[in-house]
Q: 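Take this structure first; my questions come after.
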Amino acid sequence: MDSNISEFDSQEQAPNEALPFLHASKLTHKTLFVSSKFIWPKGDLVEAYGKLSEPYVDLEGFLKGDKKATLEASKLVRKACLEHGFFQVTNHGVDQNLLATALHEMGPIFNLPFNVKTRASQSHPAKMWGFSTAHSNRFSSKLPWKETFSFGFDHCNSFNNEPSVVDFFSSTLGKEFKEIGVIYEKYCEAMRDLSLALTELLGISLGLERSHFRMFFEDGSSIMRLNSYPICEQGGVALGTGPHCDPTALTILHQDQVGGLEVFANNLWHSVPPSPNALVVNIGDLLMAQCNGEYKSCVHRAVVNKHKERRSLAFFLCPRKDKVVRPPEKLISDDESRKYPDFSWSELLEFTQKHYRADAATLQNFTKWVVSSRPWGL
Ligand SMILES: C=C1C[C@]23C[C@H]1CC[C@H]2[C@]1(C)CCC[C@@](C)(C(=O)O)[C@H]1[C@@H]3C(=O)O
Ligand SMILES: O=C(O)CCC(=O)C(=O)O
Ligand SMILES: [Fe+2]
């Protein structure tokens, strides 16, 4: 992993030469060549060894309040989180039509004309919302082979000064996108409800009050990201999203049936074939810090596809920005065993947006960065 704090600080904004290239490949559906900016180090390109045998957690009984089913589900979640931080959930209660519609409506969004996308692009590297093409305005190498559209979702109706999803769509994409904005607002509401329910399972699995994490997140403001991965005929050198842990707490990913998500476990990459009735869940850095490293933040990536465009929707659960991340006493044997400093979500988020490109070692490097800047240390 060659990204480091100074690289991000020192580089000037990358010229947008990637933009025409990506659009050229999309327009002609033929990849002319892969610009060197999209080529990843060989260490990041090691092929997957096989399929991941992650647990499929059936949530039906848990969501109905069945005590035995809840215990069973929490045991499966615990096993997955101790191993690699990744599992899938079935009977999750999210409306299948809403899931299908949210995936389908990504078409009109990503097929918008170039000038509309440019107007709705992330206006400044530190601004997270809107379109981004290969993050070419933020990075100058190892560009991800993807277009993204990101927006915020306030769990409690603009408590965190986030505009509503509907207002964001209308103001950013145009009034004709109001109805699509309603769909994504409903989608985010469903993801909020499911992710908060999952925090209860996580609390139970750690021997905490089931409300412990729910209370920490319920008045938060989460990140919603639509990912479009264009066809890349020259596979083997580019990556849709490079190896990383999500800096956030917990991610619920809904993917189409193309495939490309991979998880790093037992020192090997494993593919995660899409499962039509399941949603992917992975633990992020924030939750790993909240349990003092007991659960693993999932290392994952998205590989490119030579024949088909791939789409996914990622809901990243986040608390309020001023919330301080500190493990409960029950999970800390003594002060010496603290692996991470107390920090606010806004500190970690700002670190990933202004100083360090999130990768598979974000939390470790954030810890070094924080401890070096605080005279009292950890
Ligand atoms: C807090 C965040 C930063 C990223 C979006 C959310 C959660 C996932 C992060 C990300 C996807 C991890 C891989 C690198 C990244 C730069 C990307 O490829 O998009 C990350 C996101 C970001 O910084 O925009
Ligand atoms: O699209 C995928 O399969 C993974 C995307 C991802 O990991 C992310 O956006 O953080
Ligand atoms: Fe991710």
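Please read all numbers here as calculations on a predicted model, not as lab measurements. Atoms within each ligand, like the ligands themselves, are counted from 1 in listed order. Position 1 is the first residue of the sequence; numbering continues from there. The analysis underlying the following values was restricted to heavy atoms, covering all of them including side chains, and did not include hydrogens, waters or symmetry mates.
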Q: Under 3.5 Å between some N or O of ligand 2 and some N or O of K146?
A: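 No; the residue has no nitrogen or oxygen that sits under 3.5 Å from a nitrogen or oxygen of the ligand.
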Q: Among R357, R138, H135, whose heavy atom sits nearest atom 22 (C) of ligand 1?
A: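 It is R138 whose heavy atom sits nearest to atom 22 (C) of ligand 1.
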Q: If you have a sec, read the angle at the Fe ion (ligand 3) from H244 atom NE2 over to D246 atom OD1, to 10 degrees.
A: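 Value returned, to the nearest 10°, is 90°.
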Q: Please state which part of L349 comes within less than 4.0 Å of ligand 1, counting heavy atoms only: side chain, backbone, both or neither.
A: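 It is the side chain that gets close, since no backbone atom is under 4.0 Å.
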Q: Which atoms of ligand 2 have any heavy atom of H300 under 4.0 Å away?
A: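 What qualifies from ligand 2 is 7 (O).
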Q: Specify the protein heavy atom at minimum distance from atom 4 (C) of ligand 2: its residue, its atom name, and the distance to 0.1 Å.
A: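 I find the closest protein heavy atom is Y229 OH, 3.8 Å.
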Q: What atoms in ligand 2 come closer than 4.0 Å to a heavy atom of H244?
A: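 In order of number, 6 (C), 7 (O), 8 (C), 10 (O).
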Q: Please report the C-alpha distance between D322 and R320 in whole Å, then the side-chain angles of each, then the deciding distance to 0.1 Å, and finally whether the salt bridge (Lys or Arg N to Asp or Glu O under 4.0 Å) criterion is met.
A: CA-CA 6 Å; D322 61 345; R320 274 202 338 251; 2.8 Å; yes
Q: Any nitrogen or oxygen of T241, side chain or backbone, less than 3.5 Å from one on ligand 2?
A: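 No; every N/O pair is 3.5 Å or more apart.
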Q: When you measure from atom 3 (O) of ligand 2 to every protein heavy atom, which one gives the shortest distance, and what is it?
A: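 Scanning the protein heavy atoms, the shortest distance from atom 3 (O) of ligand 2 goes to R310 NH2, 2.7 Å.
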Q: Taking distance alone, with N or O pairs closer than 3.5 Å, would you say T241 contacts ligand 1?
A: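 For ligand 1, there is no N or O atom that lies under 3.5 Å from one belonging to T241.
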Q: Which word best sums up how the rings of H135 and F139 line up, parallel for under 30°, tilted for 30 to 60°, or perpendicular for over 60°?
A: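 The rings of H135 and F139 stand perpendicular, inter-plane angle above 60°.
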Q: Looking only at the side chains, is there a donor atom on one of K146 and T241 sitting less than 3.5 Å from an acceptor on the other?
A: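 Judged by distance alone, the side chains do pair up.
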Q: Do other residues, nucleotides or ligands put more than 12 heavy atoms under 6.0 Å from the NZ atom of K186?
A: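 Atom NZ in K186 is not crowded, with 12 or fewer foreign heavy atoms closer than 6.0 Å.
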Q: Ignoring angles and geometry beyond distance, decide whether T352 reaches within less than 3.5 Å of ligand 1 through its nitrogen or oxygen atoms.
A: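 No, there is no polar N/O contact under 3.5 Å.
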Q: Taking the Fe ion (ligand 3) as the reference point, name the nearest N/O/S atom of H300.
A: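 Looking only at N, O and S atoms of H300, the one nearest the Fe ion (ligand 3) is named NE2.
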Q: Answer yes or no: does an N/O atom from R225 fall short of 3.5 Å to an N/O atom of ligand 1?
A: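 Min N/O separation from ligand 1 is below 3.5 Å for R225.
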Q: With atoms numbered from 1 as shown, which atoms in ligand 2 lie under 4.0 angstrom from a non-hydrogen atom of S312?
A: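 Here the atoms of ligand 2 in question are 1 (O), 2 (C).
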Q: Are any non-hydrogen side-chain atoms of F315 and F153 less than 4.5 angstrom apart?
A: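 A side-chain contact exists here, since the closest heavy-atom pair is under 4.5 Å.
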Q: Could you tell me which atoms of ligand 2, counted from 1 in the order shown, lie closer than 4.0 angstrom to a heavy atom of F316?
A: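 It comes down to these atoms of ligand 2: 8 (C), 9 (O), 10 (O).
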Q: Ligand 1 and Q353, any nitrogen or oxygen pair closer than 3.5 angstrom?
A: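 N/O-N/O distance under 3.5 Å: yes.
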Q: Parallel, tilted or perpendicular: which fits the ring planes of W145 and F38, with parallel below 30° and perpendicular above 60°?
A: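 Perpendicular: the ring planes of W145 and F38 meet at over 60°.
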